[in-house]
Each structure stands twice: as structure tokens, then as C-alpha cells.
Amino acid sequence: MRALRAPKPLSPPPRLPAFFGYGRPVRTLLHAHRSAPALWGLAALALLAAALEALVRFGLVPKLVVAAPTETVVAIWRLAAEEGLLRALGATLLTAVAAVAAAAAAGLPAGYWLYKHPRFGLAYRNWLGALFAAPLVLVYPVVLVLFGRTYASTGFMGFVVGFVAIALYTREGFAAVSPTLVRVGRAFNLTPRQEFWKILLPAGAPMIFTGLRLGTIYALVNIIGVEYLINFGGLGFLVSETYDKFDTPGMYGAIVFVILVSGGMLWLLKRLQTWLRPA
Amino acid sequence: MSAPILRVENVAKRFVTATGTVEALAETSIEVREGEFVAVIGPSGCGKSTLFNIIGGLDSADGGRVLVEGKPIAGSHRDIGMVFQEESTFPWRTVVENVAFPLEVAGMGRRAREEKAMRFVRLVGLDGFERRYPAELSGGMRQRTALARTLCAEPRILLMDEPFAALDEQTRMLLGEKLIEICQALKQTTLLITHNLSEAVQLSDRVLVMSFRPGRIKRTVAIDLPRPRTSDVIASERFASYLGTIWEDLKAEAAKGLAALETARRAPAGR
Ligand SMILES: Nc1ncnc2c1ncn2[C@@H]1O[C@H](COP(=O)(O)OP(=O)(O)O)[C@@H](O)[C@H]1O
Ligand SMILES: [Mg+2]
């Protein structure tokens, strides 16, 4: 028979070690903190990676189909060190920059023109919208015939999708400007030039910039897609190369890298937008 | 008595729409003398904003004309400054940049225009907020920003279309008081368009009652309340009797407006 003992007094709850801010309970970290969603996202990703790692390690998923996450990470280093990952990144980014510059140079005036001519604007808007939603990358055979396996092909593909997004959003941006603000300009007797620079453009800027942001991302993604399809250029070509060599970890490494680059680009453009227009 | 600085002569306006012709204004005539504060009151839909747009030159009339100092005007005119009913501040500009806007488009340098704009920022009581963006302000503060922006161009005639309509009653009374103060300080000739009875009486030297469609001036009521005025006048017996007099005329028009609105509701939906 056990001896009866007085119950132990309740000890205070254990405190967390000095980690992410001393002594803060876990709850505040994952619930109240500003970066909580990001932390949850990372945690979910880590969990998924761990599960995948286990599946591959225990042979439940063949290694040829899916690379273990750890191998993928190692492969990214290998691609960078030996197979010109950074050069490929540079090639893709340069193509994207050129494509977006051309798309903006054509898309901004086109969007303005569509706004100024509502008859055409309303007619073309639906077509642009349809194009915007369509997987335009599928027209790559045409592009291939036009430009061959060159940077002109990949760049042109980026230009087309960028142009559609920028023209569409520019038109919508101008069309959404409050008519009252335009009337204020009229009341102050602005010249048409002043009306454009002092009212229409700044008022439409947020949406126009959203078009530029989407256009950039679309251009980047489509350029990589065409690079993959025509075996030419930067990151997309690298993915197709590793695929052709049955270098599964390398292929996954390249894909993960592509995702990181697009995500990074999206983040950068968002920051740029809030920096340009804080109000 | 001096010649009127603003004259509206027999202005008429018709809107042709898919469902028919709306006769918005018929033979409307108004005179405003220098330094005078005149209110035009009428029920919703009686053509007040139409009149506002025509006087401001943002819309053309089908008949009649608008004269400033005896000269007919066409299009917007620098002697007439407009304040709109809707949200009209530029959200990408700070208060002082908003107020300095007319000076900026006239080509005045930054230093000089901000200095001058600050005078008007102070006049409307927004000093301390000059570097704020409109989104950080209340509706009443934004409307005062718009007022300061219009005054900053120093128009000879201030023309306002229900500038306080979107604000709550108490804010409206206090802003009305502020407006009286400003107009007295600047000796500002003002034509205020409103549907608010007490606002019209509180602020004006004369109240013009408009009839419902087609709009025309049905009656003029001179408001003989002492100046300088504050919002306290609403407690006086004279104030109440003016409200009563104007309401007598307005009531029939408001009823017509309401009936028109209800008929429109009853019409089959989805033309
Ligand atoms: N652009 C327009 N097209 C057609 N009808 C209009 C237009 N503007 C105003 N109206 C009509 O004219 C009448 C007067 O309108 P408005 O001047 O805005 O009245 P208020 O400002 O007194 O409420 C209303 O019946 C309105 O429907
Ligand atoms: Mg109105």
C-alpha cells in the first residue's frame, strides 16, 4: 500500500527558453505576433518537408519521381557551384527586365488609349481579359517559328503576357478615377495636359502599378515556361536540362529555386509599391 | 444698391434619356451681390446640382446665361470657386498640398504656394494637420480641406453644392459656424446650394426656395438675423419663424419630390 502523501504544490508553468524574445510564451508568438502568419506558413512547410522526407526515405515514393527535400537543398548548392544556376538566373532576369520594359512602354499608352476611346476600350477589354486568363504560353510554337531558339522568343513571350496585364490594368485604373476629381480639375481650369499629370495619373497610379507588378510576375513565369519548352535560356532551360539527365534532385532544386525567385520578386515589387505611394 | 456680381438669367436645362426627357431646370434666375451669402434650397432631385454645374461651367445650359460682373461666361471661370458635395480631396496629396493645388497649377513656386496655402489651412482650422493625408482625417476635416483649396484660388464667388450633406448634424452646425466666420473674414460672396432648412437660415442673408421639377426660383426670403452670427441663432424665435415660412413653400415641393421618387420605384424594374 502506498503511503499517502500531500499533493505537490502546483509549480508555475514552465517558461520558454530565450528564443524569439526572452520568456515569451508560445501563444504570443504564434497567435498575436505580427509575423504569426509567416511563422505558421514556415511551420506548415517544414512539416510537409519532413513528411516528404520520410516518405522518400522509407521508399514509399520512388526516388526517381520525387527527390527528398534534403537532397533538393543540396542540389541547389551543386547547381550554383557547378551548373551555372546564377548565370541562368541572370539570363532569365535580364530577359524579363527587357520584356517588361517593352511591355510597359507599349502597355501604358495602349491602356490610356483604350480609356480615352471607351468604344474600343469596352470592346477590347473583354478580349484582353480573356487573354489575361488564358495560358498564353501555349502559343510558343508560333513564337518558335517566328524567332527560333533565341532570347527573342523567350523575351517576346514575356512581352506579350506583360503587355496584356499592363494594358488591361492601366485602362481599368484610369476608368476607376473618381469623376468628382476630374470635375475638380475642370473647375480649376486645368489644361488637358495638367489634367493627365496632376489628376488622372496619380489617381490611377495604384491600379496601374498593380498591373505593372502582375505584368512583371507573368512575364517572369512565362519566360521560364518557354525556356523550359524550347530548351533555351536561363532557369527554365536548367529545369529541362536536369529533367533530361534524370537528375531528379537537381530538377527539384531548380524548381524550388524558381519558386523562390518569383516569390522574392513579388515581395520586392510589393515593397516598392508601398514605398512609392505610402498614402 | 450695387450691381450684382453674379447673375443667372433664365437658365434652363433638359436631360434626354432612354426613358424620356427630364426637364431639370426651367427659366431659373438668380442674383447675388458682392459680399452677400445666398442659399438656394430645394428638395432632392429638383435640379440643384444641375444649376451648380451650369453656374460653375461644368455643364452647358439649354437656354439662358450666366454673367459675372455683367459679362456672360462660358465654361469654368476663375472668379467662381466650386466646392463639391462628394469626396473631392486628392488622396495622394497632404492637406497643404491639396490646398496649394490651384497655386501649383498656376505655376507658383513651392515655397511661396505652401506659405500662402498655410494661411487658408489655418483659416479653416486645420493647422497641425497640414502634413496629414486625407485618409487620416475625418469627413468634416476633408471637406474643410476642399473648402480651403477652393478659397486658396481666391475666387470672387464661392459656389458650394451641399458641402456638408455627408456630415452628421452636430458637425454640420459647427462647420456652418466656421463657414460664417470665414466668409465674414474674407467678405466672401457665397452661393450655397443645400436641401437643409436650418443650414440655409443659419448661414444666409437670403434664401431662395426652388420648386420641384422643373426647378425654378419660387420664392425669396430675406433673413434678417443679426451678424456676426453663431450657431446659437437657432434658439431664437425669429429663426423658428423663418424656418416656418420657408417650410410652408418647401413642403409642397418636397411632397412632389417624394411622390416622384415613389412613382419611379413603382415603375417596372429593369428597363
Ligand atoms: N446627366 C443626367 N442625365 C439625366 N438626368 C439627369 C442628369 N443629371 C441630373 N438628372 C436629373 O435631373 C434632375 C435634377 O437632378 P439634380 O440637379 O442632381 O438634383 P438635386 O441636386 O437637386 O438633387 C433629377 O431628376 C435627375 O435625375
Ligand atoms: Mg445634388
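Protein chains get the first letters and strands the later ones, always in sequence-line order, with residue 1 at the start of each. We use all heavy atoms of the structure for the numbers below, so side chains are in, but hydrogens, waters and symmetry mates are not.
Counting heavy atoms from C-beta outward, B/Met82 and A/Phe188 have side chains that stay 4.5 Å or more apart. When side chains are defined from C-beta on, B/Phe101 counts as touching A/Lys198, because their heavy atoms get closer than 4.5 Å. Here the side chains of A/Leu181 and B/Glu87 are not in contact, with every heavy-atom distance at 4.5 Å or above.
Using a 4.5 Å cut-off between heavy atoms, B/Ala135 makes no contact with chain A at all. For A/Ala203, the parts lying near chain B are the backbone and the side chain together; criterion is any non-hydrogen pair under 4.5 Å. For B/Arg149, the parts lying under 4.5 angstrom from a heavy atom of chain A are both the backbone and the side chain. For B/Thr94, no part sits under 4.5 Å from any heavy atom of chain A, backbone or side chain.
Nearest heavy atoms, A/Ile199 versus B/Trp92: O-CH2, 3.7 Å. Of all heavy-atom pairs spanning B/Ser76 and A/Ala187, the tightest one is CB-O, 4.1 Å.
Of the listed residues (B/Asn53, B/Leu159, B/Leu58), the greatest number of heavy-atom pairs within a distance under 4.5 Å of chain A belongs to B/Leu58.
The main-chain N or O of A/Thr180 is never found under 3.5 Å from a side-chain atom of B/Ser88 such that the two would form a donor-acceptor pair.
More than 12 heavy atoms of other residues, nucleotides or ligands shown are found within 6.0 angstrom of CZ on A/Phe147.
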